[in-house]
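Notes follow once the structure below has been shown.
Treat the numbers as computed from the prediction; the structure is a model and nothing was measured.
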Amino acid sequence: MTLTRQDFGGTLPRPCELGIASMECSSGKEETMLQSLAAGEPFRPVEPPKKATGRLVMHSMAMFGREFCYAVEAAFVTPVLLSVGLPKSLYSLVWLISPILGFVLQPVVGSASDHCNSAWGKRRPYILVLGIMMLVGMALYLNGETVVSALVADRGTQRTWAIVITMLGVVLFDFAADFIDGPIKAYLFDVCSHQDKEKGLHYHALLTGLGGALGYLTGAIDWGHTVLGKYLGSEFQVMFFYAALVFLICLTVHLCSIPETSLADKVESEALLKTAEPYPYGSIGKVKNGYFNSGYNEIRVLSRQGKPTLKEDIQVQKQMTIKSLLKALLSMPSHYRCLCVSHLMGWTAFLSNMLFFTDFMGQIVFNGDPYAPHNSTAYLTYERGVEIGCWGMCINAISSSLYSYLQKALLPYIGLKGLYFIGYLLFGLGTGFIGLFPKVYSTLALCSLFGVMSSTLYTVPFNLIADYHKEEEEGQTGGQAGEHKRGKGVDCAALTCMVQLAQIIVGVGLGFLVSAAGSVVVVVISASAIALLGCCFVAFFVRYVEENNK
């Protein structure tokens with residue numbers, strides 16, 4: 001007598017009934033397995049159960065905390081670097097170290113999380129470590145000078161160590177804050193159904209905008225003259241207190257939002273359902289009291305046919321060298337590569353505008369001079385323009401939140417292609433008009449279009465990644481889904497790598513353009529040109545799964 005898959009069609013027991021050590025079966029997993037069996041397709045890809053909206057909002061809190069800290073950095077890093085006496089020759093070094101490291105190491109971290117077999121899950125250990133690194137980096141660049149002054153008496157040594165610690169803090173914070181985005185997105189993709197992935201990404205964008213807006217508003221308050229400022233010593237310490245508190249709360253909520261299944265549990269489940277060949281009766285091994293004998297390391301379902309055992313499967317999944325990782329990235333399907341290029345163009349345009357926006361407001365819109373004496377009218381006018389520019393950044397953050405909510409309503413009508421195209425088009429037109437007509441009120445009004453772009457960059461590319469993965473899992477790419485499963489961590493990391501590459505391009509190229517043109521106007525004009533070029537790219541070269549299914 002032989003047993004085949006068909007024999008298990010209506011009676012296949014749940015994994016938690018097999019006595020396998022270390023496997024935890026939640027009610028959600030049981031429900032989806034039973035639904036799959038009832039449908040007569042016990043071996044098809046099973047989508048996770050639908051998640052409650054509250055759980056998706058909790059999952060998005062990490063983006064709120066991260067963006068709050070980013071806003072604090074944008075508001076205070078330059079004053080901190082100036083206060084410790086950092087030489088101008090080192091400014092470019094500070095801003096280039098982190099993106100270079102991120103561009104090189106981001107896929108490594110993504111691949112490592114794909115193959116992490118921690119009992120806590122694949123992504124959450126990495127998110128926790130990167131979150132702690134963010135807090136340490138923020139503590140160093142906001143409090144480093146104070147700590148050095150308390151520990152070192154010599155003023156020359158104080159200045160040197162203050163510069164070193166502040167630079168280290170900025171690099172560490174940027175490194176961790178950039179890296180954490182990939183595991184967060186992969187975590188969402190791992191635990192959610194396709195519809196919940198789309199909802200979750202919209203909540204990510206919504207809370208990202210709210211976190212940035214609250215961060216900019218908090219940074220705009222003069223904390224130095226408040227009771228808390230006098231008690232803690234300076235506004236830098238006050239901002240560290242608020243940012244650390246907000247981020248710790250948000251990170252804790254995020255990590256407790258949706259349980260993960262460990263890699264070992266997932267491989268065990270796959271091993272039990274593996275292969276369609278018939279097996280001799282008794283090849284499953286001895287059964288005692290209705291449970292499989294020996295559990296996790298002694299499953300012999302496949303050994304009689306010369307197939308790898310479960311233990312060997314786990315070993316194979318762990319093997320990932322730098323060489324194989326680079327090969328996986330270089331052999332990436334063309335539609336993934338085109339998506340990465342469009343993401344690079346979008347972030348290059350966005351960062352070109354955002355990193356120089358306050359300076360543009362001070363010099364071009366308000367006609368101030370940053371190099372004039374600090375007590376002169378020209379310098380005070382420049383400072384006023386920078387302050388108004390910060391309000392423009394706040395408008396951008398609020399607009400991003402509102403548009404992320406509007407995206408949900410627009411998606412059924414114009415699809416991902418329409419959302420992607422509109423985001424690039426409106427940003428390109430908005431920055432172009434700002435460069436051509438640099439007036440205060442029109443510039444502030446057009447800042448709302450920056451939010452459309454940021455919301456687009458935070459949602460649409462990752463929605464497309466989710467579509468590609470869903471298509472592969474369903475075997476719509478030529479039946480190869482079962483032979484080669486792309487790691488979600490690697491794909492999300494490759495996409496977020498484009499942010500670091502854009503930072504490198506902007507850091508190296510725009511300084512040269514400004515020096516050659518002699519005006520900051522070239523920055524917004526360049527941003528407009530890249531965004532409009534990106535419109536054409538996303539319209540003609542990016543692949544959309546929804547179009548292929550029509």
Is there a side-chain contact between [X] and [Y] in this structure, where contact means two heavy atoms from C-beta onward sitting under 4.5 Å apart?
X	Y	result
L449	L429	no
E471	R543	yes
F68	T218	yes
L188	F462	no
K50	K199	yes
E73	D174	yes
I180	Y126	no
L416	D467	yes

Can you tell me how far the [atom1] atom of [X] sits from the [atom2] atom of [Y], to the nearest 0.5 Å?
X	Y	atom1	atom2	answer
S257	M58	OG	CE	6.0 Å
I184	I127	CD1	CD1	5.0 Å
R66	L130	CZ	CG	11.0 Å
L495	L344	CG	CG	10.5 Å
I258	K51	CD1	NZ	5.5 Å
M63	L201	CE	CG	9.5 Å

TODO: Just do the side-chain contact (heavy atoms from CB on, under 4.5 Å) check on F427 and V452 with the steps written out, would you?
DONE: CA-CA 7 Å; F427 180 81; V452 173; over 6 Å; no

Exam field: side chain [X] to backbone [Y], donor-acceptor pair closer than 3.5 Å:
X	Y	value
S399	I395	no
K417	A539	yes
T166	Y141	no
T381	G368	no
D369	Y379	no
T459	S455	yes
R123	P183	no
Y203	T53	no

Task: F450 and F357 aromatic centres sub-6.0 Å - done: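 Under 6.0 Å, so yes.
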
- [ ] Taking the six-membered ring for Trp and the single ring otherwise, decide whether the centroids of Y187 and H254 are under 6.0 Å apart.
- [x]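 Centroid separation for Y187 and H254: below 6.0 Å.
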
Task: side-chain contact (heavy atoms from CB on, under 4.5 Å) between T456 and Q407, intermediate numbers included - done: CA-CA 9 Å; T456 299; Q407 276 184 323; 4.1 Å; yes

- [ ] Could you walk me through whether V523 and N353 pass side-chain contact (heavy atoms from CB on, under 4.5 Å), step by step?
- [x] CA-CA 6 Å; V523 173; N353 183 68; 5.6 Å; no

Open item on the list: How about NZ on K439, more than 12 heavy atoms from neighbouring residues, nucleotides or ligands closer than 6.0 Å, or not?
Closed with: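 Count not over threshold, so no.
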
- [ ] Tell me, yes or no, whether the heavy-atom count around F433 atom CZ, taken from other residues, nucleotides or ligands under 6.0 Å, exceeds 12.
- [x]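 Open.
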
- [ ] Over 60° means perpendicular and under 30° means parallel, so classify the ring planes of H469 and F189, tilted if in between.
- [x]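 Ring orientation of F189 relative to H469: perpendicular.
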
What's the shortest heavy-atom distance between [X] and [Y], and which atoms?
X	Y	result
S404	H202	O-ND1, 3.4 Å
G212	A71	O-CB, 3.7 Å
C447	G392	CB-O, 3.6 Å
A531	A349	N-CB, 3.8 Å
S454	G451	OG-O, 3.1 Å

Open item on the list: Does either side chain, that of S342 or that of Y420, offer a donor lying less than 3.5 Å from an acceptor on the other one?
Closed with: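 Note: S342 and Y420 side chains meet the donor-acceptor criterion.
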
Task: S352 side chain to S526 side chain, donor-acceptor N/O pair below 3.5 angstrom - done: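 No donor-acceptor contact under 3.5 Å links the two side chains.
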
Task: Among V164, L135, L168, side chain to side chain contact (heavy atoms under 4.5 Å, CB included) partner for L140 - done: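 By the side chain to side chain contact (heavy atoms under 4.5 Å, CB included) criterion, L140 pairs with just one of V164, L135, L168: L168.
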
Task: side-chain contact (heavy atoms from CB on, under 4.5 Å) evaluation trace for F366 with M361 - done: CA-CA 6 Å; F366 278 77; M361 289 289 288; 4.2 Å; yes

TODO: Going by the ring-ring contact (aromatic ring centres under 6.0 Å, His included) test, name the single residue among Y403, W347, F350 that passes it with Y458.
DONE: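 Exactly one pass, corresponding to W347.
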
